[in-house]
Undergrad: 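Got a structure for you, questions after.
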Amino acid sequence: MTGLTLAVPSKGRLEELTRDWFARRGLLISRPGGARSYLGVMEGEPDVTVRFFPASEIARELIRGNIDLGVTGRDLIHETSESGPQAVHFSAALDFGHADVVIAVPEAWIDVTHMHDLADVASDFRTRHGRWLRIATKYVTITRQFFARAGIAEYRIVESLGATEAAPASGVADIVVDITSTGSTLVANGLRVLEDGVMLKSEANLIASRTAEWPADKKAQLDKLLNRLGAAGF
């Protein structure tokens, strides 16, 4: 039988919560080689190979079809590739890792409350300031898709490598697209989320790859495992 490869987050709270989620469903994941090992086992499921990867790498490998099943954030699937959501199947939302990808503007922009207001600002920005509106973000793919749907093209993305929410105050950018769970960090930096500025609601998901190879026996094994987990197949 062709075995399944399951990838789970390799460290921190996400790893702990993922292992707890499987354990509550009777499937214990262990890391025999210790915390630095990237290979794990699922007790009672010898045909399941467990790999420990960073969450962003799990998203990429699911989309490429190099792993069969994995736990990562919905936002990372959308951000890794424009075609990412079509390359995978969201089998189960895991009810942790909740966060929203949002558009936030300075509090001082009191007349900018919705995307249509931001569209007006963007179209006038070059005339008034001699440059494009600058958006600081780590979410380049999601931003471009969302702004295209909103009909906004007059902007420049400043890829953020540090604290995105600090970009407007430091003069690096005018507004931000960032991920937030409570919004408190944005508020602390004098930023406000637009009323219709939630671009994507994210949480950790159990995700199956549509692009992996699925011979009949392997697909049957996947369906059996997903059924045991109370998750949906494809």
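Numbers for residues simply follow the sequence, beginning at 1. What you see is a predicted model; the values in this text were computed from it and never measured.
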Undergrad: How close do Gly40 and Pro32 get, heavy atom to heavy atom, and via which atoms?
TA: CA-CD, 4.2 Å
Undergrad: Taking Asn205 for the side chain and Glu203 for the main chain, is one N or O donor matched with an acceptor at less than 3.5 Å?
TA: yes
Undergrad: Would you indicate whether the side-chain heavy atoms of Val101 and Thr180 approach each other to under 4.5 Å?
TA: no
Undergrad: Can a side-chain donor-acceptor contact be found between Glu61 and Asn66 if the only test is distance below 3.5 angstrom?
TA: yes
Undergrad: Gly73 and Ser202: which non-hydrogen atoms are nearest, and at how many Å?
TA: C-OG, 4.0 Å
Undergrad: Within the side chain of Ser160, is there an N or O that forms a donor-acceptor pair under 3.5 Å with the backbone of Lys138?
TA: no
Undergrad: Tell me if a side-chain donor or acceptor on Asp100 pairs with a main-chain N or O of Val198 at a distance below 3.5 Å.
TA: no
Undergrad: If I take atom CG from residue Leu62 and atom OG1 from residue Thr80, how far apart are they, to the nearest 0.5 angstrom?
TA: 9.5 Å
Undergrad: Please evaluate residues Thr113 and Arg192 with respect to the criterion side-chain contact (heavy atoms from CB on, under 4.5 Å), reporting the C-alpha separation (whole Å), side-chain torsions for both, the decisive distance (0.1 Å), and the verdict.
TA: CA-CA 9 Å; Thr113 60; Arg192 165 176 46 82; 4.3 Å; yes
Undergrad: Taking all atoms of both residues into account, what is the closest heavy-atom pair of Leu14 and Ala55, and its distance?
TA: CD1-CB, 4.4 Å
Undergrad: If you round to the nearest 0.5 Å, how far is CD1 of Ile67 from CG of Leu6?
TA: 8.0 Å
Undergrad: Donor-acceptor pair, distance only, cut-off 3.5 Å: does the side chain of Glu154 make one with the backbone of Trp132?
TA: no
Undergrad: Do the side chains of Phe147 and Ile103 get nearer than 4.5 Å, heavy atoms only?
TA: yes
Undergrad: Could you tell me whether a side-chain N or O of Glu107 sits under 3.5 Å from a main-chain N or O of Gly190, the two making a donor and an acceptor?
TA: no
Undergrad: Measure the shortest side-chain to side-chain distance between Trp214 and Phe234 over non-hydrogen atoms and say whether it is less than 4.5 angstrom.
TA: yes
Undergrad: Considering only heavy atoms from C-beta outward, does the side chain of Leu206 approach that of Leu229 to under 4.5 Å?
TA: yes
Undergrad: Let me check something: do Ile142 and Leu118 share a hydrophobic cluster, defined by ILVMFWY side-chain heavy atoms less than 4.5 Å apart, either directly or through other members?
TA: yes
Undergrad: Could you tell me if Arg134 sits above the aromatic ring of Tyr155, with its cationic atom closer than 6.0 Å to the ring centre and no more than 45 degrees from the axis?
TA: no
Undergrad: Strictly distance-based, threshold 3.5 Å: is any side-chain N or O of Ser209 a donor or acceptor partner for the main-chain N or O of Thr211?
TA: yes
Undergrad: Heavy-atom distance under 4.5 Å between the side chains of Trp109 and Asp111, does that happen here?
TA: no
Undergrad: State whether Arg31 and Glu15 are salt-bridged, where the test is any N-O pair (Lys NZ or Arg NE/NH1/NH2 against Asp/Glu carboxylate O) under 4.0 Å.
TA: yes
Undergrad: In this structure, are over 12 heavy atoms from other groups packed under 6.0 Å from Glu159 atom CD?
TA: no
Undergrad: Does a side-chain heavy-atom distance below 4.5 Å link His89 with Ile207?
TA: no
Undergrad: Is there a side-chain contact between Leu39 and Thr49, using heavy atoms and a 4.5 Å cut-off?
TA: yes
Undergrad: Going from CD1 on Ile77 to CD on Gln86, what distance comes out if it is rounded to the nearest 0.5 angstrom?
TA: 11.0 Å
Undergrad: Going by the salt bridge (Lys or Arg N to Asp or Glu O under 4.0 Å) test, name the single residue among Arg131, Arg156, Arg128 that passes it with Asp174.
TA: Arg131
Undergrad: Got a donor-acceptor contact below 3.5 angstrom from the Ser181 side chain to the His98 backbone?
TA: no
Undergrad: Test Val176 against Leu186 for side-chain contact (heavy atoms from CB on, under 4.5 Å), laying out the working first.
TA: CA-CA 9 Å; Val176 305; Leu186 293 172; 4.2 Å; yes
Undergrad: Spell out, yes or no, whether Phe53 and Phe22 are grouped together once hydrophobic residues are joined by side-chain heavy atoms under 4.5 Å, including indirect joins.
TA: no
Undergrad: Do Glu45 and Arg228 meet the salt-bridge criterion of a basic N to acidic O distance under 4.0 Å?
TA: yes
Undergrad: Determine, for Asp223 against Lys218, whether the closest basic-nitrogen to carboxylate-oxygen distance falls under 4.0 angstrom.
TA: no
Undergrad: Group every Ile, Leu, Val, Met, Phe, Trp and Tyr by side-chain heavy-atom contacts under 4.5 Å, then state whether Val102 and Leu133 land in the same group.
TA: no
Undergrad: Between Lys201 and Asp75, is the closest basic N to carboxylate O distance under 4.0 Å?
TA: no
Undergrad: Hey, are Asp20 and Arg24 close enough for a salt bridge, meaning a charged N less than 4.0 Å from a carboxylate O?
TA: no
Undergrad: Is any side-chain heavy atom of Ser81 closer than 4.5 Å to one of Thr141?
TA: no
Undergrad: What's the spacing between Ile175 CD1 and Leu191 CG if we round to 0.5 Å?
TA: 10.0 Å
Undergrad: State yes or no: do Tyr139 and Ile157 share one hydrophobic cluster built from I, L, V, M, F, W and Y residues joined by side-chain heavy-atom distances below 4.5 Å, directly or via other members?
TA: yes
Undergrad: Roughly how far, to the nearest 0.5 Å, is the OG atom of Ser83 from the NE2 atom of His78?
TA: 11.5 Å
Undergrad: Going from CG on Leu76 to CZ on Arg74, what distance comes out if it is rounded to the nearest 0.5 angstrom?
TA: 12.0 Å
Undergrad: Under 4.5 Å between side-chain heavy atoms, hopping through other hydrophobics if needed: is there a path connecting Leu94 to Leu27?
TA: yes
Undergrad: Strictly distance-based, threshold 3.5 Å: is any side-chain N or O of His114 a donor or acceptor partner for the main-chain N or O of Leu194?
TA: no
Undergrad: Looking at Val88, is its backbone amide N or carbonyl O close enough to the side chain of Arg210 to form a donor-acceptor pair, meaning the two atoms are under 3.5 Å apart?
TA: yes
Undergrad: Identify the two heavy atoms, one from Asp68 and one from Gly3, that lie closest to each other, and give their separation to 0.1 Å.
TA: OD2-O, 3.8 Å
Undergrad: Which atoms form the tightest heavy-atom contact between Thr143 and Met199, and what is the distance?
TA: CA-CE, 3.4 Å
Undergrad: Apply side-chain contact (heavy atoms from CB on, under 4.5 Å) to Leu69 and Leu226, showing your working.
TA: CA-CA 10 Å; Leu69 195 63; Leu226 291 177; 4.2 Å; yes
